[in-house]
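I have placed the structure first, in the form of structure tokens, so that the comments after it can refer back to it.
In what follows, chains carry the letters A, B, and so on, assigned in the order in which the sequence lines appear, proteins first and then strands, with residues in each chain numbered from 1.
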Protein chains: 2
Amino acid sequence: MPPPASPPPPPVPTSADVARLAGVSRATVSYVLNNAEAVRISEPTRRKVRAAAEELGYVPHAAARSLRAGRTRIVLLPTSHVPIGPLYSTFLNELQWALRRLDYTVVQYGSLGLSGDEAARAVSAHNVATLKRAGARAVIAMGPVGVPGAHALVMNQEEVGARAAAHLIARGRRRIGVVVPEEDGLELFSGPRLAGARQAAGAAAGPAVGIEALPMAYSEESAAALAARWRGLGLDAVFAYNDEYAMLLMRALQDEGLRVPEDVAVIGADDLLIGRLLRPRLSTVQIELPTGDHLASLVDRAVREPSEVTQRHDLMTAAAVHREST
Amino acid sequence: MPPPASPPPPPVPTSADVARLAGVSRATVSYVLNNAEAVRISEPTRRKVRAAAEELGYVPHAAARSLRAGRTRIVLLPTSHVPIGPLYSTFLNELQWALRRLDYTVVQYGSLGLSGDEAARAVSAHNVATLKRAGARAVIAMGPVGVPGAHALVMNQEEVGARAAAHLIARGRRRIGVVVPEEDGLELFSGPRLAGARQAAGAAAGPAVGIEALPMAYSEESAAALAARWRGLGLDAVFAYNDEYAMLLMRALQDEGLRVPEDVAVIGADDLLIGRLLRPRLSTVQIELPTGDHLASLVDRAVREPSEVTQRHDLMTAAAVHREST
DNA sequence: TTGAAAGCGGTACCAG
DNA sequence: CTGGTACCGCTTTCAA
């Protein structure tokens with residue numbers, strides 16, 4: 001009599017178990033379950049195998065399968081450790097579902113928007129190699145520049161800043177503040193947006209246009225502090241990074257007695273619903289992103305044709321939309 | 001001279017390559033690189049092995065490793081295909097990072113908040129088995145009830161609805177509308193919140209309290225349509241699902257000429273920053289969630305002690321906070 | 001049409 | 001202290 005077994009772990013069926021139950025070999029099981037084209041299996045055999053698999057609740061062991069195959073259906077997607085706003089998180093989420101619909105396993109890997117130069121280094125070529133080596137089929141990077149070996153979804157954030165500044169300039173503003181979020185991990189977005197605004201200012205005809213970076217955190221206190229010293233700044237307009245920061249700042253400015261847009265024009269970005277709910281209605285920079293489905297199929301295609309070449313997908317077009325705050 | 005090789009795939013080094021270069025066996029490589037305690041390796045050998053690994057840029061093959069080990073460090077986290085609001089997505093994101101800091105690989109698996117009964121079935125016991133079988137170390141579920149075999153993060157959404165309704169009732173309101181988002185995938189949250197409100201109404205002392213479900217989509221049109229028929233509804237208060245829906249509805253109500261809170265009291269939930277920016281300031285139900293770190297360590301502990309028992313972690317406490325809209 | 005067997009890359013026994 | 005070796009579970013030639 002064997003020793004009183006402690007709760008034996010529920011036996012996980014392998015393909016061998018299925019084969020035994022179906023009275024065939026493991027090879028046959030594999031063929032049937034993978035619908036192998038290269039080999040004809042009789043219908044009765046297929047039935048038996050399928051029935052056995054069903055009965056045992058057999059599920060192929062993912063690790064073993066990919067060890068043998070030499071590749072996985074894993075796609076690495078970047079994540080930020082900090083909220084990046086509804087627009088991009090929705091987009092990323094959509095992409096993720098689209099990829100999954102294509103039967104990929106999506107693994108989050110972290111480094112979207114590390115501070116400053118780290119951002120670039122984080123998704124460096126070496127990292128990419130490491131990640132692919134570990135079994136990933138594709139690595140997706142999001143950033144201002146392409147990354148060798150990965151699918152780079154490059155988002156031209158500069159254009160956002162440029163459109164905002166151009167809009168402000170066209171409406172006669174010359175002293176423009178640009179909100180730069182203090183939150184770590186947003187530099188990936190805020191840096192280029194600021195740079196784009198500077199470019200637009202430099203390219204403007206007529207009198208010189210001044211651009212001033214305005215650090216601000218996403219909190220009432222920070223917005224209030226900025227608003228308190230506003231009059232001393234001598235600014236006649238502000239590009240508030242995005243609609244959420246814009247809402248925050250606009251409220252603080254109004255509480256400070258400033259009139260929008262008379263005393264100061266405010267423009268946001270991302271065209272969120274809240275912008276239309278504010279009074280005055282918030283002008284914004286609308287961003288056009290491709291659908292997750294579209295992007296996913298692009299990735300899928302590129303994965304099937306392993307062209308070891310860096311794939312670079314340009315995303316985003318931006319356009320200012322005028323409402324009441326500018 | 002060899003034929004002009006087409007771009008030969010960069011040879012991925014295996015532990016055998018490292019062994020060869022270091023002049024030792026694969027076993028030794030494994031011992032050194034895993035800091036095996038059970039066996040003493042001389043310091044010179046260790047050096048050689050490490051140097052060789054470094055030089056080749058060796059990275060252990062994840063699939064092979066987990067095939068051998070019989071387990072992975074993968075944790076499955078649910079995702080919704082629909083935005084679930086800043087509060088929960090931030091929370092999930094935090095948890096994800098915390099898990100990663102603990103060296104887990106986080107894989108998103110999809111089904112948070114499928115419609116109706118599907119929600120429950122999606123994370124059924126069978127699914128859980130399948131997922132674990134495929135190599136996952138832990139499966140996390142979020143929902144109103146525990147799920148056998150998974151770590152269930154159960155969030156008591158009913159309490160949110162109950163607190164909101166109780167707050168409204170305490171302030172003398174008797175005819176309460178409850179916004180139910182029309183977006184698919186939010187039932188997981190909205191259903192319990194509505195049910196909680198009903199319970200609170202049932203438990204209220206004094207004259208009967210009426211609860212009316214108010215379907216509404218997250219769009220200006222839908223909010224405007226609801227506001228347009230508001231006077232016919234005979235409601236004196238509304239629990240607007242969360243602060244975002246509340247902002248939307250409040251705006252529409254005000255545009256319709258209704259006064260808040262005189263004609264209708266409005267309360268949201270989740271205590272988002274925007275609520276404090278609105279005028280009148282939005283009353284809300286504040287939700288206390290544990291930190292991602294805390295939860296991650298809970299999960300980690302449970303994983304180490306494979307107690308095959310369903311783990312159930314109760315989350316959330318809710319409290320109404322009164323501001324100006326009620 | 002089916003089965004036997006050789007690995008994929010790593011880990012962990014057991015000898016030496 | 002180190003090397004040989006038997007697996008983990010699956011896919012896929014190659015023969016029968």
What nucleic acid atoms does B:Thr45 come within less than 4.0 Å of, heavy atoms only: base, sugar-phosphate, or nothing?
sugar-phosphate
Given C:dG9, D:dG3, C:dT2, identify the nucleotide with an atom nearest to the side chain of B:Thr28.
D:dG3
In whole angstrom, what separates A:Tyr58's OH from D:dG9's C1'?
7 Å
Of D:dC10, D:dT2, D:dC8, the nucleotide closest to the side chain of A:Arg26 is D:dC10
Hey, mind stepping through B:Glu94 and B:Asp293 against side chain to side chain contact (heavy atoms under 4.5 Å, CB included) and telling me if it holds?
CA-CA 8 Å; B:Glu94 225 184 70; B:Asp293 278 320; over 6 Å; no
Gap separating the CG atom of A:Leu87 from the CZ atom of A:Phe189, nearest 0.5 angstrom:
9.0 Å
Partner of A:Asp300 by side chain to side chain contact (heavy atoms under 4.5 Å, CB included), out of A:Leu102, A:Val75, A:Leu295, A:Leu99
A:Leu102
Would you mind telling me which of C:dG10, C:dG7, D:dT2 lies closest to the side-chain atoms of A:Arg68?
C:dG7
Could you check whether the side chain of B:Tyr31 and the base of C:dC13 have a donor-acceptor pair of N or O atoms closer than 3.5 Å, going by distance alone?
yes
Answer yes if the side chains of B:Arg100 and B:Thr105 hold a donor-acceptor pair under 3.5 Å, and no otherwise.
no
Please confirm whether the shortest side-chain N or O distance from A:Ser25 to OP1 or OP2 of C:dT2 is below 4.0 Å.
no
Would you kindly compare B:Val29 and A:Ile41 by the position of their nearest DNA chain C nucleotide and give the one closer to the 5′ end?
A:Ile41
If I take atom CG in residue B:Asn34 and atom P in nucleotide C:dG9, what distance separates them, rounded to the nearest angstrom?
17 Å
Have a look at A:Val39 and say if it touches a base, only the backbone sugar-phosphate, or nothing, with a 4.0 Å heavy-atom cut-off.
base
For A:Asn35 and D:dT11, what is the distance between atoms CG and P respectively, to the nearest whole Å?
12 Å
Atom CG of B:Leu67 and atom C1' of D:dT11: how far apart are they, to the nearest Å?
13 Å
Could B:Glu54 and B:Arg50 be called an ion pair, given the rule that one side-chain N must be under 4.0 Å from one carboxylate O?
no
Please give, in whole Å, the distance from C:dT2 P to A:Arg20 CZ?
19 Å
Minimum-distance nucleotide to A:Arg65 side chain [options: D:dT11, D:dG4, C:dT2]
D:dT11
Reckon B:Ser42 touches a base, only the sugar-phosphate, or nothing at all at heavy-atom distances under 4.0 Å?
sugar-phosphate
Using whole Å, report how far NE2 of A:His61 lies from P of C:dG9.
17 Å
